[in-house]
Structures are given as structure tokens and as C-alpha cells.
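In what follows, a structure is listed as C-alpha cells, so that the remarks can point back to it.
If you're wondering where the values come from, they're calculated on a predicted model, not measured in any experiment. All ligand and atom numbering here is 1-based and tracks the order in the structure.
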Amino acid sequence: MGKRIHLAVDVGATWTRIALAENEVFTKRVVFRTPREGGRLSVAEAIISFIEREFKPYLPALESVGVGTIGPLDVKRGVVVNTPNLPVGSFELKKPLEEYLGKPVYVINDAVAGAIAEKYYGDGRGLNNIVYVTISTGVGGGVIVDGRVILGKDGNAHEIGHIVVKYDSEVKCGCGGYGHWEAYAGGANIPRLAKYIAEKNTPIASNSKVGRRALEGVVEPREIFESARAGDLFSRLVVDEIVKASIAGFASVVNVYDPELISIGGSVFLNNTDLLYEPIVEGVGKSIVNRQPTIKPTIFRDDVVLYGALALAVYKPVAID
Ligand SMILES: [Zn+2]
């Protein structure tokens, strides 16, 4: 018997990764910048050219391909529709890849891939109720309830980043709404949150280098976390808001889905677990009616979407073709 060959693809807002799996173990990978411009085929064409260059000898034995991608998604057609994260907007994945490879290609939202990764290869093995939350540029979620991957009509169920965590909030989200979890914790929105907090607390902000940069609207999330770590009072105010919003968000997730496991990934969270993890877990415990689930950082770090895409290709846990 030859080895079982699959490809896993992670289409991110900045990077696209392709990994070759032999008997479900990644043995070779390539990373490149996701094309930002071009037409509906530009992303698929870039993926195909890297497959052609790096993985061609393996293609005759290829069984199938799993793709985890930024959304929103038309999951049945495998098309990304009007993504706010790339200027190219809408682009095809499933059809051009299947035409080139002649093998089945399964496409799913990246946070859904995270939940699938945990179920098949991670801390969710043997569990039927799992939520994966990514706190990255934005905040997203993937949900498995009673062993079923929840998708919704287009594959975009559980847009948990847009849970309202503060109903009378003046903090605006990238989607245009106010008081959403992502407005507080999404990396793209943290500078706007910091500016808002600086304007409400000018004496504290003016006494802080990062606070002054926040007032100018030029501060980056990384500076805020670094100076909070160093004890800067203004930065601690900002991190405190991120924590409080995240407690409300995670508590809503527990109350709505009753998970056994919440796995957390995404660069904003994973790079700052020392500031975020314990306060969030402690706060969630005080805000829930359902029994507290296990809450822990994903063991897969930056590879969580790749592992989910692989499990999607190998086990086909959802009917999307
Ligand atoms: Zn929103």
C-alpha cells in the first residue's frame, strides 16, 4: 500500500500556507503572500502555481484537498464572498482547484477548521461539544455541538466576533456596529479602542508614551501589550477592556453552545496569553449559567487551520459537496 496523500491549505489575510500530508503527517510545506489584487481566480492561480512547483510528484496519489479560508464564504460553491480582509474581495477556490487537480476539494471557514482540528487531532479528541475561538486581526469562531459541525445556510454560522458585549458602547467595530467583541479584541480594532480610551482618560494617556501615540491614532496592538507588561497604567486600561470584553464574549459562547472545550488561538491571544488567559478564565467562571468548560490555548499555534483543513480532507465531517 502506498502512503495516503492529502494537501491542506490555509488562506489567510496575509499568508497562504500549503502543506503536504503523508498518512496524516505534514512532511513538506510552502508559505507565500496571499495575492491582494487581481480577479476572482488570482488566489486559486497562486495556489496552483505553488502546488505545481513544490508538490507535483505527489499529485498522482493525491486523494483530496482541504482548504480553510478567511470568510465570509459560500461554503457549497467554495467561494469567498466580499471579504473585508483582502482588496480582491470575492474569489473562487473549489472549482478552479478541482479542475486543475481532478480530485475533490473541500473549502471551509478558517475558524470552523480550527474546531475540526481540535476534534480530530487536538484537545477535542473524544469530545462532541467544542468551540474554537480565534482572537487575531478579527475575532471568529467554529462550533461543534452534539458532534455536528454547525455551518448555517452559507457556512457562516457563529459570527461570534460580532456578539454585542456592551450594549450602549461607543466603540465601533470594523463591521460598522458598536460594542461588538471584535471591536474590543480584534487586532485591527485595538488602535481605535486605544484612541477612544485615551480620549476618555487624557491625564493618564498624556503621561504615557503609548497613550500619546494612541491619541495620535498611530499606536499598534503590540506596543500596548508590551507596555502593559512593563506596568504602564494607560496600556493596562486598554488590556483591561480587552479582557472584560472577552469575558463577556466567552461567557456568551458558554451559555449559548454549552461546550466541553473552548480552544483559543489567533495571534493577539497566543502572543499575549500571560496577560489575557488567566483573567479571562477566572472572569468567565463568574458569568455563566452552564457548567464551566475546559478553556485552553490551542496546541497547534499557527498551524491550527492547516490541521483542520487536513481533517476536513481526510474525514469529511461535513456535507459540503
Ligand atoms: Zn462587528
Side-chain angles (χ1 to χ4, degrees), residues 11-14 68-75 80-90 108-115 131-143 150-200 214 217 219-221 224-225 237-257 259 262-270 272 276 280 283-284 287 305:
V11 179
T14 310
T69 178
I70 50 172
L73 200 62
D74 176 337
V75 73
V80 175
V81 185
N82 294 324
T83 181
N85 297 310
L86 273 180
V88 64
S90 301
I108 210 155
N109 174 295
D110 50 11
V112 178
V131 178
Y132 173 76
V133 175
T134 172
I135 304 180
S136 185
T137 310
V139 176
V143 177
I150 297 181
L151 289 179
K153 65 187 186 312
D154 294 321
N156 304 309
H158 43 70
E159 279 286 1
I160 61 171
H162 305 279
I163 288 175
V164 177
V165 294
K166 195 169 181 187
Y167 77 92
D168 58 353
S169 172
E170 294 176 313
V171 178
K172 197 174 184 182
C173 184
C175 73
Y178 286 85
H180 295 179
W181 184 1
E182 182 170 302
Y184 288 83
N189 293 328
I190 288 174
R192 188 164 40 212
L193 170 69
K195 186 164 193 280
Y196 174 79
I197 293 172
E199 285 167 352
K200 291 279 175 191
V219 76
E220 286 181 28
I224 293 167
F225 288 109
L237 284 180
V238 179
V239 171
D240 199 40
E241 286 295 304
I242 295 169
V243 166
K244 284 194 281 187
S246 298
I247 289 169
F250 281 111
S252 297
V253 164
V254 175
N255 291 336
V256 169
Y257 298 117
I262 297 179
S263 167
I264 317 173
S267 57
V268 168
F269 180 77
L270 293 175
N272 302 292
L276 301 177
I280 287 173
V284 168
S287 314
V305 177

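- Judged as a side-chain hydrogen bond (donor to acceptor under 3.5 Å, both in side chains), and not counting sequence neighbours, the contacts of N272 are R229.
- For the pair N82 and S90, the minimum side-chain heavy-atom distance is below 4.5 Å.
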Derivation of the side chain to side chain contact (heavy atoms under 4.5 Å, CB included) call for V75 and N109
CA-CA 8 Å; V75 73; N109 174 295; over 6 Å; no
Name every donor-acceptor pair, under 3.5 Å, that has one atom in a side chain of residues 168-179 and the other anywhere in the protein, sequence neighbours excluded.
unit_1	atom_1	unit_2	atom_2	d
S169	OG	V171	N	2.9
S169	OG	Y184	OH	2.8
E170	OE1	Y196	OH	2.7

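- Residues that satisfy the salt bridge (charged side-chain N to carboxylate O under 4.0 Å, His left out) test with K195, not counting sequence neighbours, are E199.
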Given V139 and H180, is the side chain to side chain contact (heavy atoms under 4.5 Å, CB included) satisfied, shown in steps?
CA-CA 10 Å; V139 176; H180 295 179; over 6 Å; no
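- Within the protein, the number of N/O/S atoms found under 2.8 Å from the Zn ion (ligand 1) is 4.
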